[in-house]
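Numbering of residues begins at 1 and proceeds along the displayed sequence.
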Amino acid sequence: MFADALVGTAMFTYLLLLGWAGAAWIDDEALIVVSALGCSYIVYLAIKIARSSADLSSDLDNHLNNHAHTPHLLRFRDGLVMQLLNPKAIIATLPLATLQFPAAGIEGLSLVVWAFGLAILAAGAPGSYVLMGSLVGQRIQSAGIIKGFNWVMAGLLVAVALSIGYEHVWLPLNAS
């Protein structure tokens, strides 16, 4: 629950800050460039996921838990700073706040409402990962299943990149 609150707070912060910056700095011409760069980055991520290893032989739990440090509880502020410095938080919010929000005209009070709603959804992510991992993770014994899942996820990312590219790059360039 603590991790859920941290993720939600960090996402809300990034969506608001980047959303306000996107509304202020992203005009129609810049949106085309940002969209093209975003599509390229999404395709890059898809390639990385498709090529990632599905090796199930490594024992990460033993490797990660063999340390001489005494564990201590994090305060909310410590965890929030860690989440805000987590590159995944920026990567997850940047396309939404600087591309999708300006393209949909989301700004002002509607930006706050959207940021809050998406932050609530993101807040449930860590708990759902733990639940799904405990239900499904121990049952998957085949690297082929993991590799297939990676390929499906990569394909979905490419579909998103093509959709964004068509709507926010191809159509505006052909209209001018």
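Criterion: ILVMFWY side-chain heavy atoms under 4.5 Å apart, direct or through other members. Under it, Leu17 and Val7 are not part of a common hydrophobic cluster. Placement of Val43 and Trp170 in two distinct hydrophobic clusters is found when ILVMFWY residues are connected by side-chain heavy-atom separations under 4.5 Å, directly or transitively. Residue Leu37 is not grouped with residue Leu162 when hydrophobic side chains (ILVMFWY) are merged at heavy-atom distances under 4.5 angstrom, including chains of intermediate members. Side-chain heavy atoms closer than 4.5 Å link hydrophobic residues (I, L, V, M, F, W, Y) into clusters, and following such links, even through other members, never connects Phe116 to Met11. Taking hydrophobic clusters as Ile, Leu, Val, Met, Phe, Trp and Tyr residues chained together by side-chain heavy-atom distances below 4.5 Å, Leu173 does not share a cluster with Tyr166.
When all heavy atoms are compared, the tightest approach of Cys39 to Gly165 is SG-N, 3.3 Å. Counting all heavy atoms, side chain and backbone alike, Ala97 lies closest to Gly19 at CB-N, 3.4 Å. Closest heavy-atom contact between Phe12 and Val112: CE1-O, 3.9 Å. Nearest heavy atoms, His168 versus Gln100: NE2-OE1, 3.9 Å. Closest approach of Pro172 to Ile32, counting heavy atoms only: CB-CD1, 3.7 Å. The two atoms that bring Ile42 and Ile164 nearest to each other are CD1-CD1, 4.0 Å, heavy atoms only.
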With side-chain contact (heavy atoms from CB on, under 4.5 Å) as the criterion, how do Glu29 and Val33 come out once you've worked through the C-alpha distance, each side chain's angles and the decisive distance to 0.1 Å? CA-CA 7 Å; Glu29 290 177 11; Val33 173; over 6 Å; no

Verdict with supporting geometry, Leu15 and Trp114, side-chain contact (heavy atoms from CB on, under 4.5 Å): CA-CA 9 Å; Leu15 287 168; Trp114 273 96; over 6 Å; no

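Within the model, atoms CD1 of Ile47 and CG of Leu157 stand 11.0 Å from one another, a figure rounded to the nearest 0.5 Å. Atom CG of Leu96 is separated from atom OH of Tyr14 by 14.5 Å, given to the nearest 0.5 angstrom. Atoms CG and OG, from Leu135 and Ser128 in turn, are 11.0 Å apart once rounded to the nearest 0.5 Å. Interatomic distance, CG of Leu111 versus CG of Leu16, reported as 5.5 Å (0.5 Å rounding).
In terms of modelled atom types and a separation under 3.5 Å, the side chain of Lys147 and the main chain of Ala50 share a donor-acceptor contact. A distance-only check finds a donor-acceptor pair linking the side chain of Thr9 to the backbone of Ala5 [under 3.5 Å].
Of the residues Thr13, Leu18, Leu118, the one that meets the side-chain contact (heavy atoms from CB on, under 4.5 Å) test with Thr93 is Leu18.
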